[in-house]
Protein chains: 2
Amino acid sequence: MDAETARTRLLETAYALFNERGIQAVGMDEIRSASGVSLKRLYQLFPSKDELVEAVLRRRDEDVRASVTARVEAHEDPEERILAVFDFLDAWFRQPDFRGCTFINTFGELGGVAGPVGDIARAHKQDLRDLFTALVAAAGRPRELAGQLTILANGAMATAGIEGSPTPARQARSAARTLLAATRPAPARTT
Amino acid sequence: MDAETARTRLLETAYALFNERGIQAVGMDEIRSASGVSLKRLYQLFPSKDELVEAVLRRRDEDVRASVTARVEAHEDPEERILAVFDFLDAWFRQPDFRGCTFINTFGELGGVAGPVGDIARAHKQDLRDLFTALVAAAGRPRELAGQLTILANGAMATAGIEGSPTPARQARSAARTLLAATRPAPARTT
DNA sequence: GCTGCGGGAGAACGATCGTTCTCCCCGATG
DNA sequence: CATCGGGGAGAACGATCGTTCTCCCGCAGC
């Protein structure tokens with residue numbers, strides 16, 4: 001097996017197991033048996049579990065950001081671009097293996113404690129906030145709206161994860177629409 | 001030492017440690033040394049770590065609900081009663097040991113897995129939703145608003161926890177005010 | 001065919017943790 | 001004062017886990 005495919009299989013297998021049961025509850029041996037990559041290779045590619053976790057989170061960060069960006073860029077209207085983030089959430093929450101946001105969950109499990117893992121989670125959420133800040137500016141809305149949209153998105157993730165239901169995405173989208181309507185700069189135009 | 005005070009000290013110590021570092025990262029021995037209650041007594045009162053965790057979560061659930069209720073009932077105006085929930089969040093997030101919502105964190109750490117602990121977390125969040133549902137009905141607002149406020153509250157908890165900042169409470173409160181204003185049934189009266 | 005050698009399978013090791021057991025002290029009771 | 005029982009301190013036990021080590025197979029080069 002190629003080293004690159006082994007790496008990919010490890011990251012995908014580890015992400016699936018971490019997502020399902022948490023990080024600490026999954027042993028390296030289980031990642032080995034589920035991925036089919038031997039322990040020797042595993043430790044060649046990732047010298048410790050911490051580094052594997054970091055790599056999984058970094059990859060997840062890239063995947064999520066790419067998916068969100070693709071959704072956003074499918075629209076031209078600045079308001080639609082903002083709502084597209086919530087459409088992404090809706091599609092995500094409907095996936096059968098959805099079990100909440102990896103970064104919120106990881107923070108809950110390992111949080112407080114310093115270290116690279118916490119930094120990655122914080123940076124990921126900061127990126128979400130930055131995205132909303134840019135979209136809000138492009139839509140000509142007041143800066144404060146970005147923070148409110150960030151809270152709506154994170155709240156939808158947390159609520160959907162715990163309740164095991166995708167409906168928070170639609171509810172958050174609807175709230176975002178109301179907030180957008182309340183700050184509409186130009187006089188008319190319906191959504 | 002009285003059995004009741006031992007029980008209280010155990011629950012408070014365990015909560016503080018779980019809040020700070022997560023559940024799995026805290027050993028029974030550390031709870032013993034931090035609480036000053038011997039292991040024998042600990043296992044007399046809570047025959048297993050799982051039962052201690054359950055008791056801690058149940059107590060936390062009661063404490064939070066009592067605090068929120070007190071804040072809400074300090075106001076008469078139905079709109080103020082809704083906003084009081086976000087004032088509670090603001091006061092909570094400012095406490096130096098705040099590290100996110102215990103139930104969101106616990107779900108992230110142990111989630112997915114069935115069992116009493118997950119049930120308690122889900123029930124706690126359902127209670128928050130029920131509270132908003134009642135407050136929204138009393139304020140004469142449409143039902144959908146309750147879900148949106150729930151998402152705002154949970155989002156403020158998750159965002160404040162990860163960012164380590166209390167400002168999401170104020171941002172969520174401001175968003176809630178906008179949502180309330182957008183659905184105001186009677187013609188006038190300023191907030 | 002023989003020799004290395006890279007990699008796979010899984011045993012082994014040391015640490016940690018939940019839980020139980022042992023030993024000892026102390027205070028109450030006659 | 002002797003006895004007895006409950007509780008404290010901490011050792012002990014068995015399981016799990018991250019990490020390393022051992023053994024062996026299959027294949028490249030001569």
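Sequence lines set the chain letters: A, B, ... in the order given, protein chains first and strands last, and positions in each chain run from 1. Quick caveat, the model's predicted, so the values are computed rather than measured.
Salt-bridge formation is detected for the pair B:E54/B:R58: a Lys NZ or Arg NE/NH1/NH2 atom is positioned less than 4.0 Å from an Asp or Glu carboxylate oxygen. Using a cutoff of 4.0 Å between basic side-chain nitrogens and carboxylate oxygens, B:D77 and B:R81 are not scored as salt-bridged.
Atom OH in A:Y43 sits about 4 Å away from atom P in D:dT19, given to the nearest Å. Between A:M28 atom CE and D:dT20 atom C1' the separation is 12 Å, expressed in whole Å. Atom-to-atom, CG of B:L42 to P of C:dC17 comes out at 15 Å; the value is rounded to the nearest Å. Rounded to whole Å, atom C1' of D:dG10 lies 9 Å from atom CG of B:D29. To the nearest angstrom, C1' of D:dT19 lies 17 Å from CD of A:E30. Distance CZ (A:R32) to P (D:dT20): 16 Å, rounded to an integer number of Å. The distance between atom CZ of A:F46 and atom C1' of D:dG18, rounded to the nearest whole Å, is 16 Å. Straight-line distance from the CD atom of A:Q24 to the P atom of C:dC17: 10 Å, rounded to whole Å.
B:K49 has a side-chain polar atom (N or O) that falls below the 4.0 Å cut-off from OP1 or OP2 of C:dG18.
Distances were taken from every side-chain heavy atom of B:L39 (C-beta onward) to each of C:dT22, C:dT19, C:dG7; the shortest belongs to C:dT19. Minimum atom distance to the side chain of B:S38 is reached by D:dG8, of the listed C:dT20, D:dG8, D:dT19. Side-chain proximity of B:R41 to D:dG8, D:dT19, C:dT19: nearest is D:dG8.
The side-chain tip of A:R7 does not point at the ring of A:F46 from less than 6.0 angstrom away and within 45° of straight on.
Residues A:E144 and B:S174 form no side-chain contact, since every pair of their non-hydrogen atoms from C-beta on lies 4.5 Å or further apart.
Of the residues near DNA chain D, A:K40 and A:I23, the one whose nearest nucleotide (by heavy atom distance) lies more toward the 5' end is A:I23.
B:Q44 comes within 4.0 angstrom of the backbone, heavy atoms only, and of no base. A:V37 comes within 4.0 angstrom of no nucleic acid atom, judged by non-hydrogen atoms across all strands.
Exactly one residue among A:V85, A:L145, A:L83 makes a side-chain contact (heavy atoms from CB on, under 4.5 Å) with A:L135. That residue is A:V85.
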